[in-house]
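All chains are named by letter (A, B, ...) in the order of the sequence lines, taking the proteins before the strands, and each is independently numbered beginning at 1.
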Amino acid sequence: MTQSIGQTLPGLIRLHEAARRDRRLRFNNLLHHVMVELLEKAYYGLNRRAASGVDGEDWKSYGEGLQARLIELHTRLHTNRYKPQHVKRIWLTKANGKQRPIGIAAIEDKVVQQALAWILEAIYERDFLGFSYGFRPGRSQHQALDAVYMAITVRKISWVLDADIKGFFDAIDHTWMMRFLAHRIADKRLLRIIERTLKCGVDENGKRERTVVGTPQGAVLSPLLGNIYLHYVLDLWVHQWRKRMARGEMTIVRYADDSVIGLQHRDDGQRFVRELKERLGKFGLSLNDEKTRLIEFGRFAQNNRAQRGKGKPETFDFLGFTHMCSRRRSDGGFTLKRYTIAKRQREKLKQVKQVLKRTRHRHRFDVGRWLKRVVQGYLNYFAVPGNRRALDAFRAEVCRAWLRALRRRSQKGAGLPWKKMARLIRQFIPSVRVLHPYPNQRLRV
DNA sequence: GCTGTGCTTAC
RNA sequence: UUUGUAAGCACAGC
């Protein structure tokens, strides 16, 4: 299990342990942990190649005269004179053509937020419940997927609720957020800095707006604040509901604002959705109705549905995979099958082809090396148990795209490195027979 | 075990 | 004009 940097800093380890010893302790005088030394560590922990914020300052330029700047920042923080700058808003075009806003905080504010994030993390990592996976040190989307797999295959789960919170990060209520933080933090100065960060405002081409709701996009602190919000709004509540209200078995896996809830009984599911909506509503949140469904799913769903004259169970999407009910080939028992969401795979392939197309014109670019890195990056993602088919299909597709690009290059007079290609393809798809291209100049994958 | 490049995914 | 957190992989170094 890996740890975050925050958990290795001497002062913060003590915080971490104090939080564990006393679950109700409210921490005072937290701001004294924000020392010049911590700010410096925070600076070096930031992404060095990130774009500059509203003041045009990037990582490198901020580093000139760093010590003096950090000392000055430190005194501003401790004399209540620190005010975060506006977050620069830019619009990105997504793969599907829609526009998505992104926020770029000023580098100085990122430094402050990184230091605060380490402090909050030292406290809250002890409080968070085991079924929360998103944005937490030592926890990944694969672990969340495994948890869903285990829940559905070993527990008595017949119904699955796939719940998605509508515009979660933009919907966070500042007043509630500050109240939640006050459960663990008594230091008014620290709370004030966090509140100012929430209310820093956005700047779009010089036009400034206040932020009255939501946690700023692109802020270092945002993922952690989101987890803290849902810890109080959802996690603790679900935990109680499972113990007190559920008639049958119940499991939950949450990754940021995306949750999968497994239930034994249908009426538990229906009651839970109703009460969940009510609960979220109290805190300014609502479910995304198109993406939220209660479906019959699991070990018993196939037979139950067959008896009622219904078809195969429905499928649900979670963390990039389509989950479906299936049977083992050996004994016909239940298994959970996961496939990469087909649409995303096609989008990715399109991007790979685009890059390959561009490389035609760059001679000094080593396509083989690049492809090796790219495909290896994908390996980990696709190599989830039950998804072998998608992996092989994708690798084959990438190799074909690569071949086509090289073939075009050869038409421009460059020779084809057949031997090298054959070796690479064998490495990526061991099961495939790579035929030598001569004399008919065709390589089949 | 830790750092640093490069790449991928999730949200 | 490509932000944030987390995880993984490859390569390099100690």
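Within 4.0 Å of Arg254(A), counting heavy atoms only, lies no atom of the nucleic acid at all. In this structure, Ile104(A) reaches the sugar-phosphate backbone alone: every heavy-atom distance under 4.0 Å involves primed, P, OP1 or OP2 atoms, never a base. Across all strands, Gln114(A) comes closer than 4.0 Å only to sugar-phosphate atoms, never to a base (heavy-atom distances).
Below the 3.5 angstrom threshold, one finds a donor paired with an acceptor across the side chain of Gln141(A) and the base of dT9(B).
Using modelled atom types, one finds a donor on one side chain and an acceptor on the other under 3.5 Å when comparing Arg189(A) with Asn29(A). No side-chain donor from either of Tyr133(A) and Asp258(A) sits under 3.5 Å from a side-chain acceptor of the other.
The distance between atom CZ of Arg100(A) and atom C1' of G4(C), rounded to the nearest whole Å, is 10 Å. Rounded to whole angstrom, the span from the CZ atom of Arg89(A) across to the P atom of U3(C) amounts to 16 Å. For the pair Leu224(A) CG and A6(C) C1', the interatomic distance rounds to 12 Å; values are reported in whole Å. Rounded to whole angstrom, the span from the CH2 atom of Trp59(A) across to the P atom of U3(C) amounts to 15 Å. If you take CZ of Arg49(A) and C1' of U1(C), they are 16 Å apart, rounded to a whole angstrom. Atom-to-atom, CZ of Phe135(A) to P of G4(C) comes out at 13 Å; the value is rounded to the nearest Å. Rounded to whole angstrom, the span from the CD1 atom of Ile107(A) across to the C1' atom of G4(C) amounts to 13 Å. Regarding Leu145(A), its CG atom lies at a distance of 14 Å from the C1' atom of A6(C), rounded to whole Å.
None of Tyr232(A), Trp176(A), Phe168(A) except one satisfies the ring-ring contact (aromatic ring centres under 6.0 Å, His included) rule with Phe283(A); the exception is Trp176(A).
Taking atom P in both U2(C) and dG6(B), one finds a spacing of 15 Å when rounded to whole Å. When the P atom is compared between U3(C) and dT5(B), the two are found 15 Å apart, to the nearest whole Å.
The shortest non-hydrogen separation linking Leu287(A) to Lys166(A) is O-CE, 3.9 Å. Scanning both residues, Met177(A) and Leu225(A), for their nearest heavy atoms gives CE-O, 3.5 Å.
Side chain of Ala51(A), nearest nucleotide from U2(C), dG4(B), dC11(B): U2(C). Counting only heavy atoms from C-beta on, Ile90(A) has its side chain closest to U2(C) among U2(C), G4(C), U3(C). Here the side chain of Val220(A) is nearest to one of U5(C), dG6(B), dC11(B), namely U5(C).
In a base pair of the Watson-Crick type (N1 to N3 plus N6-O4 or O6-N4) or a G-U wobble (N1-O2 and O6-N3), with each distance short of 3.5 Å, U1(C) is matched with no nucleotide.
Distances shown here put every side-chain N or O of Asn227(A) at or beyond 4.0 Å from the OP1 or OP2 atom of U5(C). Contact annotation: Lys110(A) does not reach the phosphate of U3(C) (side-chain N/O to OP1 or OP2, under 4.0 Å). For the OP1/OP2 pair of U5(C) and a distance below 4.0 Å, the side-chain nitrogens and oxygens of Gln113(A) include no atom meeting the criterion.
Between His231(A) and Tyr124(A), the distance separating the two ring centers is not shorter than 6.0 angstrom.
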